[in-house]
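Naming convention: chains lettered A, B, ... in sequence-line order (proteins, then strands); numbering from 1 in each chain. All heavy atoms count here, side chains included; hydrogens, waters and symmetry mates do not.
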Protein chains: 2
Amino acid sequence: MPHIDAFVKKLSRYCALNQADLSVLRELQGPVREFSRGTEIGDEYEERTDAYILLDGWVHNYKLTRDGGRQIINFPVAGDIIGLRSLILPVASYASITLTNVTVCLIPRERLVDVMTRFTHIAASILWTQAHEEAITVEHLVSVGRRTALERVAHLLVELVYRLRLSGLASGWTYDCPLGQHELADALGLSVVHINRVLRQLREREIVTFRQNRVVIHDIAALREVAGFDSSYLDPEGVLE
Amino acid sequence: MPHIDAFVKKLSRYCALNQADLSVLRELQGPVREFSRGTEIGDEYEERTDAYILLDGWVHNYKLTRDGGRQIINFPVAGDIIGLRSLILPVASYASITLTNVTVCLIPRERLVDVMTRFTHIAASILWTQAHEEAITVEHLVSVGRRTALERVAHLLVELVYRLRLSGLASGWTYDCPLGQHELADALGLSVVHINRVLRQLREREIVTFRQNRVVIHDIAALREVAGFDSSYLDPEGVLE
DNA sequence: CGAAAACTTGATTGTTCTCAAGAACAGTGG
DNA sequence: CCACTGTTCTTGAGAACAATCAAGTTTTCG
């Protein structure tokens, strides 16, 4: 089973988990499911009653506007939970579509509710991941509202490398990134053309190269500087660096 | 005690509350505190360990950027909970400052945790308010990322009137709104000057007038149309209209 | 009543968008 | 393995929306 460790690793960052907690987490796991690239996770026509742990692959959550525009809310990566809100709210506030072939582990609603009421450690960890994700969304809002195009692109590329490192999915300053320029544009509130120009600038200044679904950060210090990146929203305890 | 009803009303929209639940909610209430205009809620220097129910007044949550810019995340109004995340996460991801004199009711951390573990109804309601707030933040991100200046301003003014109506704080299409143009600008990712021009345009088209801390919507249908407003994120059950 | 803050308006600048067209790349069937 | 075809990327030129700069005006508050 690929990468279930990423999820456990993430939870244990928030709260020390003992042997009992770990076995409860195992109890939480439902069947593994696969989604091919470009398909919706869950089902947009019926109410979503289950959540998923993303084991492998990339997803994007987004909303469409009246005139056909798309705003991407976030990019869950392996180890993240998808659709936790749908356990609480009757309607999802956005759609989730895969960007690659994806493997998930289904979490049945009843089992999750049961575990969270019986094990406060687990409940706290899961609420913590939620708060963490919300902090990422807030930082995203800051980017789109108050940063220049260059800063936005740089900020997203730095954020992704740190998130992947926290999940153990990137070691150096290089990572596989299946996002196209269209996705970057719709995430950052910019046009595809402008994304292209900004990426060129970052490449020519030898700060970061993003080509063929691969991000190579040549100068992480310069990239952080350009982005005005402050890691505290990802990393309250300062584990990073 | 002003407006505690707004909070109970909000919770009961999510989940039918019986007599026992209501008395538990009463048990949750801690001391009432006052903050004067322009002061930080909680304390930025010590860890925030308590949450507050906003009873009266307006607040804004925001983050500052490196170069002194401000991005406003949201505007809690009476009946909203402030700082719930701080019960979970050790560090708040943004600051909260009052826009008016404010009355809050403190919720001690231990009591909240205790009540939420013992009463799943209450816990569900509170998580539901959280999910609701997150949906508002997501819609905010859509505004800033993919809507024009006119749409953004219109959207915020419509959202506020509906939120106030849901809390019973506005009856017609008119409401008191202590936001200055500087606050609108920093919420919507625009300059103060441009906010001013957009407000003038909305006024000249006789759609909405925002003057002297008072919003008067002359034509709610036109305003919704301009904003591209879809109320489902505020109102899953379609109670509005 | 006076001072500071908030709002208003015009003129100019600039970042980003749109339109347009060519180049590189990826997937498909022969 | 290659030609074909659609998708994604790249670059240029011009237009547009919103920012900045600068100066009044009104409102608020002590």
With a cut-off of 3.5 Å and sequence neighbours excluded, list every side-chain donor-acceptor pair involving residues 197-206 of chain B.
none

For [Y], is there an ion pair with [X] - N to carboxylate O distance below 4.0 angstrom?
X        : Y        : answer
A/Glu139 : B/Lys63  : yes
B/Arg66  : A/Glu225 : yes
A/Glu151 : A/Arg146 : no

Please write out the pairs of protein N or O atoms and N or O atoms of nucleotides 5-7 of chain D separated by less than 3.5 Å, giving the distance to one decimal.
none

(request) Could you check how far CG of B/Leu188 sits from C1' of D/dA19, rounded to whole Å? (result)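 About 15 Å, once rounded to whole Å.
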(request) Starting from C1' on D/dT10, measure out to CD on A/Gln212 and report it in whole angstrom. (result)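 To the nearest whole Å, that distance equals 13 Å.
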(request) Just say parallel, tilted or perpendicular for the rings of B/Phe229 and B/Tyr233, cut-offs at 30° and 60°. (result) perpendicular
(message) Among A/Leu54, A/Asn74, A/Ile73, A/Ile82, which residue satisfies the side-chain contact (heavy atoms from CB on, under 4.5 Å) criterion with A/Ser96?
(response) A/Ile82
(message) I'd like to know if the side chain of A/Arg163 pairs up with that of A/Tyr175 as donor and acceptor (distance under 3.5 Å, no hydrogens or angles considered).
(response) no
(message) Pairing donors with acceptors under 3.5 angstrom, does anything connect the side chains of B/Arg224 and B/Tyr162?
(response)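 There is such a pair between these side chains.
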(message) Walk along nucleotides 3-17 of chain C from 5' to 3' and tag each nucleotide B, S or - by protein heavy-atom contact under 4.0 Å, base first, then sugar-phosphate.
(response) ----SBBBB----SS
